[in-house]
Amino acid sequence: MKKPGMSRRKFLIGSAVGGASVVASSYMNFEAWAASEKPVEDVKVTPTLCDGCGNWCAINVYTKGGRIWKAEGIPIAGINHGRVCAKGHALLHEVYNKDRVKSPLKRVGPNKFEPISWEQAYKEIGERLQTIREKYGPESFFLVQYPEGNAGLTNRFINALGSQNSFSHASTCFLPRNIGWWITTGNAKPEQDIEHTRFGLFIGRNLGAGLQLRQLSDMSKAKDRGAKFVVVDPRFSEIAAFAHQWIRIRPGADLALMLALANVIITENLYQKDFVEKYTEGFDEWAEKVKEYTPEWAEQRTDVQKDVIRKLAHDLAEAAPRAFVHRGYHGAMGTQYKNSFQLVRTIGCVNGLLGTFNQRGGMFFAPKVQLGKLDPQKHPAPTVPEGPMVDGSGDPERYPLTPVGLGLTHAIPELAIQGKLKAGFVYHNNPLRTCPNPARVIEGYRKLDLLVSFDYVLSETATLSHYILPESYYLERDDVVHTHLSYQSKQVSIRQAVVKPLYDTKPMVVILNELSQHLGIGEYFNWTLEEYNQAALAPLGVTLDRLKKEGVIDLGGKWEPGEPHFSTASGKLEFVSSILKDNNMPAMPDWEEVLVHPDPKDPHSFRLVHGKQAHLTHTRSINQKYLKEISQLNDMTKVWIHPARAIALGIKDGECMTISNAVGKGRARAMVTEGIHKDCVFLPSGYGVFSRNLRTAFGYGISYNDFLPTYFEPMLGHCMSNEIIVRVEKTVT
Ligand SMILES: Nc1nc2c(c(=O)[nH]1)N[C@H]1C(S)=C(S)[C@@H](COP(=O)(O)OP(=O)(O)OC[C@H]3O[C@@H](n4cnc5c(=O)[nH]c(N)nc54)[C@H](O)[C@@H]3O)O[C@H]1N2
Ligand SMILES: Nc1nc2c(c(=O)[nH]1)N[C@H]1C(S)=C(S)[C@@H](COP(=O)(O)OP(=O)(O)OC[C@H]3O[C@@H](n4cnc5c(=O)[nH]c(N)nc54)[C@H](O)[C@@H]3O)O[C@H]1N2
Ligand code: SF4
Ligand SMILES: [Mo]
């Protein structure tokens with residue numbers, strides 16, 4: 001990539017942000033490239049894993065004349081079954097995005113960066129870290145990251161530095177969902193055999209936009225075979241449109257609906273008695289409890305008619321055990337409401353009443369692949385520091401159920417302000433834009449003595465960092481062996497470079513290897529990625545060469561219906577949880593109110609809810625011009641509002657509304673639709689980029705985080721991101 005005869009200094013100047021890179025310019029013009037006829041034999045195919053969202057679909061990427069051309073899904077991959085979404089296609093072109101960071105950068109003023117050599121950056125980071133360590137100890141260091149893939153490496157890095165403060169997006173995404181399933185079943189969250197089901201109920205899970213491509217195609221196959229699907233959502237979501245029935249629930253009230261379903265199933269004797277007897281714990285106690293939660297009671301809270309609730313319970317029970325209530329993700333069961341954890345528990349328990357576990361067409365626990373490890377004699381692993389995280393995760397007195405290694409990312413600003421955190425590393429995460437209340441987050445991160453980002457563009461967080469060490473884009477790098485695709489059978493896969501890095505960037509593993517030498521922890525990185533991956537594959541009888549050739553290897557070990565297996569203390573599905581009891585927490589799923597309510601007397605008062613769009617990933621993809629075009633052409637930044645409420649405020653479809661509360665203020669045009677519950681407005685969640693260095697995305701649309709106060713849910717500490725009350729009014733111009 002470096003042109004012969006070009007001096008290092010010249011290259012660095014040419015590749016500074018905003019500067020035109022000699023190297024890159026020949027790749028930039030898509031039209032010119034497409035017009036230049038290349039010989040057919042110039043086409044190459046490399047199997048790899050898409051990094052467009054957390055699904056990591058397996059894809060074959062084609063290059064033509066050395067340039068990225070197109071992608072196709074790999075048919076055997078359990079996560080996508082040969083499919084690729086719009087983001088997967090469009091984000092291929094990010095390799096050529098002009099906003100990329102083209103060499104290591106050092107911040108020398110507000111939004112001012114200078115290129116710096118890798119060596120110099122490592123040296124300066126090492127020196128600063130040493131000063132911080134001497135003053136505040138390694139417990140003031142932290143890492144924020146995407147907690148999969150290379151996380152084994154980055155956790156090793158932060159542990160080697162002497163800190164257990166490894167944060168992830170858990171507290172703004174999935175925390176109650178994962179902990180709820182673990183408490184109830186003792187296992188990691190279950191899968192559902194959608195393809196073979198008779199009846200599926202989705203509680204705020206919108207597979208049609210919060211995409212999961214295999215589940216979506218399985219739904220379509222099942223529908224063709226006569227399966228029935230019901231979607232509960234305050235909004236007429238994509239998946240509600242695809243399903244047979246949409247239930248427009250009052251936001252935050254799903255717990256009441258689920259308790260009432262349990263009530264009907266139990267009082268009308270519709271539950272699977274054998275299953276309940278053999279495989280569950282605490283049924284009698286919970287049955288007594290849910291007696292009070294009648295459909296009449298739930299109707300008052302949910303705005304769902306009692307007869308609709310009864311019918312839903314009957315439909316589910318009739319199809320059981322070949323049925324499921326979906327395990328959920330972010331919508332209602334993630335970090336959304338004060339009662340989301342209770343909701344997940346109740347959904348687990350209703351699946352228990354229906355006996356869906358390990359049944360064809362029901363829920364099951366995916367088979368797990370056990371990867372091998374580096375030889376500890378030759379490659380010692382660092383000691384993992386003991387004790388809870390600085391935010392209280394894993395602390396018996398604070399958040400005992402929140403795992404060390406996931407943490408509460410949105411607590412970092414307060415901890416920085418209090419002086420408890422001093423030096424941070426941010427990997428594949430953008431807390432400044434994806435955590436609540438940007439003014440507060442910016443203030444907190446500014447307090448840090450050292451912030452290092454490994455981003456490939458100048459995200460909001462990278463823009464505030466002291467150093468940016470650019471990781472090569474996913475199409476330019478090799479990563480660690482991956483097991484994420486496993487669905488009904490065990491699968492192993494790998495992300496590998498399709499093209500050589502265009503700029504002076506490096507794969508994460510190389511950055512960590514080199515950086516660690518300057519931080520006095522080189523002994524923990526005395527191996528290559530190749531050696532790491534070979535060790536991982538050793539127990540599987542699969543060679544790295546073969547995996548690189550095939551991209552995905554199916555190892556068999558297929559899931560079969562049969563006896564369910566639960567890993568709780570009782571070995572059963574726990575209606576009454578031993579762990580919750582031990583921690584003095586409500587042991588049975590029970591009614592709990594949401595945290596905040598819109599004022600029913602104030603026509604301007606709304607709850608603000610949000611959600612994904614199929615062509616965007618969080619806020620990181622709107623900087624891709626083809627994806628932004630989809631939003632523009634379809635006018636997709638509009639905020640949904642019910643006609644009855646809009647009329648009362650004099651707002652017509654397409655008119656501008658001002659949305660405000662104590663946290664923030666913004667404007668958006670209205671989409672007036674009956675496809676939304678009257679209590680709330682709906683804001684699509686992929687917009688509101690405020691980094692000026694993301695030039696396509698900057699300033700387009702608004703984000704829910706601009707209105708979200710800083711909350712810590714009492715039990716797990718998550719951010720409760722649908723507990724937002726806003727004032728909506730017609731914008732006066
Ligand atoms: N295209 C795309 N796909 C993605 C992602 C992405 O960014 N873009 N991200 C991935 C990730 S990390 C995640 S977490 C998942 C998220 O996947 P989902 O959880 O399915 O996605 P969301 O859009 O957050 O929420 C789903 C629905 O919940 C509804 N909802 C809001 N409040 C309530 C409520 O009180 N009750 C009920 N019943 N419903 C409610 C919203 O209206 C929305 O339609 O998607 C994954 N897939
Ligand atoms: N406004 C808003 N906030 C949200 C959400 C939302 O939809 N909108 N969703 C919530 C949910 S469900 C989740 S899961 C979290 C997600 O929270 P984050 O993980 O912080 O969200 P992303 O937008 O995916 O940010 C990923 C970061 O990784 C960088 N990146 C992308 N590719 C690469 C790469 O190859 N290498 C490296 N090193 N970096 C890369 C991107 O530039 C970006 O800065 O956000 C939560 N908060
Ligand atoms: S769902 Fe789309 S963006 Fe996400 S990994 Fe799959 S193809 Fe890539
Ligand atoms: Mo998420």
Side-chain angles (χ1 to χ4, degrees), residues 49-59 71 73 79-80 83-89 91 94 144-146 168-170 172-174 177 202-213 231-240 247 249-254 257 328-337 340 343 409 426-436 453-462 470-474 476-477 508 594 607 609-621 623 676-677 680 682 684-688 691 694 703-706 719 721-722:
L49 298 170
C50 178
D51 192 18
C53 77
N55 285 321
W56 292 16
C57 298
I59 51 177
I79 200 117
N80 58 311
R83 281 153 179 88
V84 186
C85 80
K87 297 172 291 168
H89 289 296
L91 291 172
E94 276 293 275
V144 189
Q145 66 174 346
Y146 183 72
S168 69
H169 62 273
T172 60
C173 173
F174 60 75
R177 192 271 310 250
F202 294 82
I203 306 291
R205 176 73 177 101
N206 181 17
L207 286 175
L211 292 177
Q212 213 282 11
L213 300 175
V231 171
V232 176
D233 197 309
R235 178 180 76 102
F236 190 55
S237 67
E238 288 79 353
I239 211 66
I247 296 180
I249 195 162
R250 186 188 300 175
D254 308 78
L257 172 73
Y329 205 158
H330 189 226
M333 296 160 71
T335 56
Q336 304 287 43
Y337 297 95
S340 291
L343 173 63
T409 312
V426 183
Y427 177 47
H428 214 307
N429 198 283
N430 184 17
L432 251 64
R433 182 61 290 188
T434 52
C435 284
S453 276
F454 302 103
D455 216 312
Y456 83 107
V457 286
L458 285 173
S459 68
E460 285 79 358
T461 312
E471 184 180 35
S472 304
Y473 193 57
Y474 87 90
E476 304 169 319
R477 67 170 194 257
M508 193 59 181
V594 287
R607 182 185 294 277
V609 302
H610 48 86
K612 313 292 181 205
Q613 290 179 337
H615 68 299
L616 296 177
T617 295
H618 314 137
T619 52
R620 80 154 119 126
S621 59
N623 199 46
I676 180 113
H677 191 278
C680 58
F682 172 84
S685 67
Y687 306 99
S691 165
L694 301 173
S703 158
Y704 67 87
N705 282 315
D706 297 343
C719 74
S721 58
N722 273 349

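The analysis underlying the following values was restricted to heavy atoms, covering all of them including side chains, and did not include hydrogens, waters or symmetry mates. Read the numbers this way: they start at 1 and go in the same order the structure lists the ligands and their atoms.
With a 4.0 Å cut-off on non-hydrogen atoms, Arg620 touches ligand 2 through its backbone as well as its side chain. When non-hydrogen atoms are compared, ligand 1 lies under 4.0 Å from the side chain of Cys173 (C-beta onward) but not from its backbone. At a 4.0 Å heavy-atom cut-off, ligand 1 touches Arg235 through the side chain alone. Contact annotation for Lys87 and ligand 1: only side-chain heavy atoms (C-beta onward) come within less than 4.0 Å of the ligand. At a heavy-atom distance under 4.0 Å, no atom of Thr461 approaches ligand 2. At a 4.0 Å heavy-atom cut-off, ligand 2 touches His169 through the side chain alone. Of all the heavy atoms of Phe174, none lies under 4.0 Å from any atom of ligand 1, so neither backbone nor side chain is involved.
Within ligand 2, the atoms closer than 4.0 Å to a non-hydrogen atom of Tyr427 are 38 (N), numbered from 1 in the order shown. Shown in contact with Thr172 at under 4.0 Å from a heavy atom are these atoms of ligand 2, numbered in order with element: 10 (C), 11 (C), 15 (C), 45 (O), 46 (C). In summary, the atoms of ligand 2 found under 4.0 Å from a heavy atom of Phe454, numbered by their order in the structure, are 37 (C), 38 (N). The contact set between ligand 2 and Ser459, taken as ligand atoms under 4.0 Å from a residue heavy atom, comprises 44 (O). For ligand 2 and Tyr704, the ligand atoms under 4.0 Å from any heavy atom of the residue are 2 (C), 3 (N), 4 (C), 5 (C), 6 (C), 8 (N), 9 (N), 10 (C), 46 (C), 47 (N).
Protein heavy atom nearest atom 25 (O) of ligand 1, with residue, atom name and distance: Gly331 CA, 3.1 Å. Looking from atom 9 (N) of ligand 1 to the surrounding protein, the closest heavy atom is His618 NE2, 3.4 Å. Counting only heavy atoms of the protein, atom 31 (C) of ligand 1 lies nearest to Asn722 ND2, 3.5 Å. If you check which protein heavy atom lies closest to atom 15 (C) of ligand 1, you get Tyr329 CD1, 3.3 Å. Counting protein heavy atoms only, atom 4 (C) of ligand 1 is closest to Leu211 N, 3.4 Å. For atom 43 (C) of ligand 1, the nearest protein heavy atom (residue, atom name, distance) is Asp233 OD2, 3.4 Å. Protein heavy atom in closest approach to atom 6 (C) of ligand 1: Leu616 O, 3.5 Å.
Between Pro234, Gly54, Ala209, Pro251, it is Ala209 that holds the heavy atom closest to atom 2 (C) of ligand 1. The closest non-hydrogen atom to atom 45 (O) of ligand 1, taken over Gly88, Gly210, Cys85, Ser340, comes from Gly210. Ranked by closest heavy atom to atom 37 (C) of ligand 1, the top entry among Asp254, Ile239, Thr619, Val231 is Asp254. Nearest residue to atom 35 (O) of ligand 1 from Gly334, Ser721, Gly252, Gly328 is Gly252 (criterion: closest heavy atom). Checking His330, Arg205, Lys612 against atom 17 (O) of ligand 1, the nearest heavy atom belongs to Arg205.
For ligand 1, the polar-atom distance check finds an N/O of Gly204 within less than 3.5 Å of one of the ligand's N/O atoms. Polar contact check, Asn705 against ligand 2: a nitrogen or oxygen pair lies under 3.5 Å apart. Considering backbone and side-chain N/O atoms, Asn430 comes within less than 3.5 Å of an N/O atom of ligand 2. Annotation: Asn206 places an N or O atom under 3.5 Å from an N or O atom of ligand 1; distance criterion only. For ligand 2, the polar-atom distance check against Thr434 finds a nitrogen or oxygen pair separated by under 3.5 Å.
Closest approach of His610 to Ser721, counting heavy atoms only: NE2-O, 3.0 Å.
Tyr146 does not count as a contact of ligand 2, since none of its heavy atoms falls under 4.0 Å from the ligand. Contact annotation: Arg477 has at least one heavy atom less than 4.0 Å from an atom of ligand 2.
Excluding water, every protein N/O/S atom under 2.8 Å from atom 8 (Fe) of ligand 3 is given here by residue and atom: Cys50 SG.
Under the rule for a side-chain hydrogen bond (donor to acceptor under 3.5 Å, both in side chains), Arg83 has no partner lying at least two apart in sequence or in another chain. With sequence neighbours left out, Glu94 forms a salt bridge (Lys or Arg N to Asp or Glu O under 4.0 Å) with no residue at all.
Side chain of Ser703 to main chain of Gly688: no donor-acceptor pair is present (N/O by atom type, distance under 3.5 Å, no hydrogens or angles). Remark: the backbone N or O of Asn722 is paired with a side-chain donor or acceptor of Arg607 at under 3.5 angstrom.
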Distance-only donor-acceptor pairs under 3.5 Å for side chains of residues 231-238, two or more places apart:
from, atom 1, to, atom 2, distance (Å)
Asp233, OD1, Arg235, N, 2.9
Ser237, OG, Ala240, N, 3.2
Glu238, OE1, Asn206, ND2, 2.8

